Amino acid sequence: MKHIIVFVFALLFVVNATAKKKQDKPNIIYILADDMGFGDLSCNGQEKFTTPNLDKLAAQGMSFTEHYTGSAVCAPSRSTLMTGQHTGHTPIRNNKELVGQEGQYPMPASTVTVADVLKKAGYTTGAFGKWGLGFIGSEGDAINQGFDLFFGYNCQRMAHRYYPPYLWRNDEKVMMPGNDWTNTVTYAPDVIQEETLKFIEDNKDKPFYAYVPLIQPHAELLVPNDSILQKFLGKYPEDKPYVKHNYLSDYGPDIVQHKYCSQEYPRAVFASMIYRLDVYVGQIMAKVEELGIADNTIIMFASDNGPHDAGGADPEYFNSNGPYKGIKRDLYEGGVRTPFLVRWPNKIKPGSTSDHISAFWDFLPTCAEIAGVTVDSQIDGISFLPTLTGKGKQKEHEYLYWEFSIKSGRQAVRMGKWKAVIYDIANKKKPGKLKLYNLDVDIAEENNVVNQYPEIAAKMRSIMKKEHTPSEVYPMQIID
């Protein structure tokens, strides 16, 4: 009998040890703001409102000062995040709409995403917010790209509206009570947040990856009339109401769904949108604490591109791009350098900062290294895990590359202290010329030094030519 008891206890020990081993892989929560600038966080210098929970996240973890988005607009930036490939290689390189279709041009079935990689490592995967990489039922649909659960807006145009009649749970519509394009009752981001917290709770006992692409503070500028809005009403001069614009369409029987509503108090509403986003971040932080999984959960926060000026938003008034030149759609620093915060208790030194030059396409290899799996697809990213933990040697990028097939084409390269930008590549009347900046002494990209450093300029041109692969869907001329 004594031997049986010893055997049972030994067996239980093995079972428990095995279960613990299975849970050793950390949960990963990646929160992505929509059009939030580097200067929109109070820990990055914002003075007209505060972001207390994001400040807390930075204080408890690491803040990256030289982190770059994948592109200067939504879909291609998210494509680089999902695939580990920059915009010269990633399948989605611009916001490409499909006529008569709710949703955007899809990623191909052959795409390997972060979700695919983490599922291979035993993670349960969920996405909550805005997708924009393939319409419902397409090969680019989130549930066909490695996610076990998707809840939110599949279509970027639909995500222009905060009171839509429905959202999607995988391939099924979920109606929003009281919303019918005229009446605005249910604030969709609040519902998405509830689903995010539920996913975290439902999967607390096993490794999970929660991708949380929020839609704030993307236009339209609209929030519930609650205590958060009241906190900001009357705080700012509202001398630029959004009431007359060719992209304006209010809720009602004649609504143009992809446009934005009017707004008499755009500054107060913009600040309250970011504050509400900050509340969501705080709720996620509180949820992992409540569940007892905070120490084994990595929380990352970033933005998909620089600040926007649509729907009444005023990035100049709020200094949303901080010290940088440019906003959304620009390949200057203000369009592609955004906040990046990472918290991982007992792994990352609290209150630390890093000037490691990194980009969205580094997220996939970092997750793979964290999860202990290999990446079988061709990627451009480099894991920044050594930077997070302070262990091992951190590899560095020789350069970062962007391309953007908008307004005759744009390209940019960051190589060490050097930044090269060219606009209007295919403009036949006045083709653009490459501009070169030394970011060590000119962070605002004001002084073009291309004539002083012809060898550096030539190197930048060769990188631009090398890193572009032709795309039939997103054709773009490249400089010779």
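Since the model is a prediction, treat every value here as computed from it, not as a measurement. Both backbone and side-chain heavy atoms feed into the values below; hydrogens, waters and symmetry mates do not.
When all heavy atoms of N44 and P339 are compared, the pair lying nearest together is ND2-CB, 3.9 Å. Residue G70 comes nearest to T80 through the heavy atom pair CA-OG1, 3.0 Å, listed as atom of the first residue, atom of the second, then distance. Taking both residues in full, the closest heavy atoms of I299 and M285 are given as CD1-CG, 4.0 Å, listed atom of the first, atom of the second, then distance. Of all non-hydrogen atoms in S383 and P365, the two that sit nearest each other are CB-O, 3.7 Å.
Aromatic ring pairs are classed by plane angle as parallel below 30°, tilted from 30° to 60° and perpendicular above 60°; the pair Y209 and F363 is tilted. Ring planes of Y242 and Y260: tilted class, angle from 30 to 60°. Ring geometry for F199 against F128 counts as tilted: the plane angle lies between 30° and 60°, on a 0 to 90° scale. Between F147 and W131, the two ring planes are perpendicular [angle over 60°; tilted spans 30° to 60°].
Screening residues 276-295 for ring pair (Phe, Tyr, Trp, His ring centres under 6.0 Å), with sequence neighbours left out, gives no hits. Residue pairs meeting the salt bridge (charged side-chain N to carboxylate O under 4.0 Å, His left out) criterion with at least one member in residues 357-369: none, sequence neighbours excluded.
Relative to the six-membered ring of Y317, K48 meets both conditions, a distance below 6.0 Å and an angle of at most 45° to the axis.
S303 and T338 form no side-chain donor-acceptor contact under 3.5 Å, judged by distance and modelled atom types alone. No hydrogens or angles considered: nothing links the side chains of D304 and T69 as a donor-acceptor pair under 3.5 Å. A side-chain N or O of E333 and one of Y68 form a donor-acceptor pair less than 3.5 Å apart. Side-chain contact of N94 with S405: a donor-acceptor pair under 3.5 Å is present, judged by distance alone. In summary, the side chains of Y399 and E467 do present a donor paired with an acceptor at a separation below 3.5 Å, with no hydrogens or angles considered. In this structure, a donor-acceptor pair under 3.5 Å is absent between the side chains of N321 and E316. Counting only N and O atoms by type, the side chains of T65 and T353 include no donor and acceptor under 3.5 Å apart. Residues Y423 and D330 bring a donor and an acceptor atom of their side chains to less than 3.5 Å of each other.
Panel note: side chain Y162, backbone L221; no donor-acceptor pair is recorded below 3.5 Å. Remark: side-chain polar atoms of Q156 are not paired, donor with acceptor, to backbone N or O of C74 under 3.5 angstrom. Although no hydrogens or angles enter the test, the distance criterion places a donor-acceptor pair under 3.5 Å between the side chain of D442 and the main chain of N447.
The side-chain heavy atoms of I274 and F318, taken from C-beta on, include no pair separated by under 4.5 Å. The side-chain heavy atoms of L434 and M464, taken from C-beta on, include a pair separated by under 4.5 Å. You'll find the side chain of P106 stays beyond 4.5 Å of the side chain of Q145, heavy atoms only. Side-chain contact between T196 and K287 is absent, with no heavy-atom pair separated by less than 4.5 Å. You'll find the side chain of M300 stays beyond 4.5 Å of the side chain of L32, heavy atoms only.
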Inset, instruction - For K328 and D34, run salt bridge (charged side-chain N to carboxylate O under 4.0 Å, His left out): C-alpha distance rounded to whole Å, both residues' side-chain angles, the deciding distance at 0.1 Å, then the answer. - result: CA-CA 10 Å; K328 181 178 181 177; D34 198 340; 5.2 Å; no
Legend entry - Full working for side chain to side chain contact (heavy atoms under 4.5 Å, CB included) between R78 and K130: CA-CA 10 Å; R78 292 152 198 264; K130 185 173 89 172; 3.5 Å; yes
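Taking the six-membered ring for Trp, F49 and Y236 have ring centres at least 6.0 Å apart. Centroid-to-centroid, the aromatic rings of F64 and F384 come within less than 6.0 Å.
A salt bridge (Lys or Arg N to Asp or Glu O under 4.0 Å) with R414 is found for exactly one of E398, E396, E66, E445, namely E66.
The CD1 atom of I379 sits 9.0 Å away from the OG1 atom of T83 when rounded to the nearest 0.5 Å.
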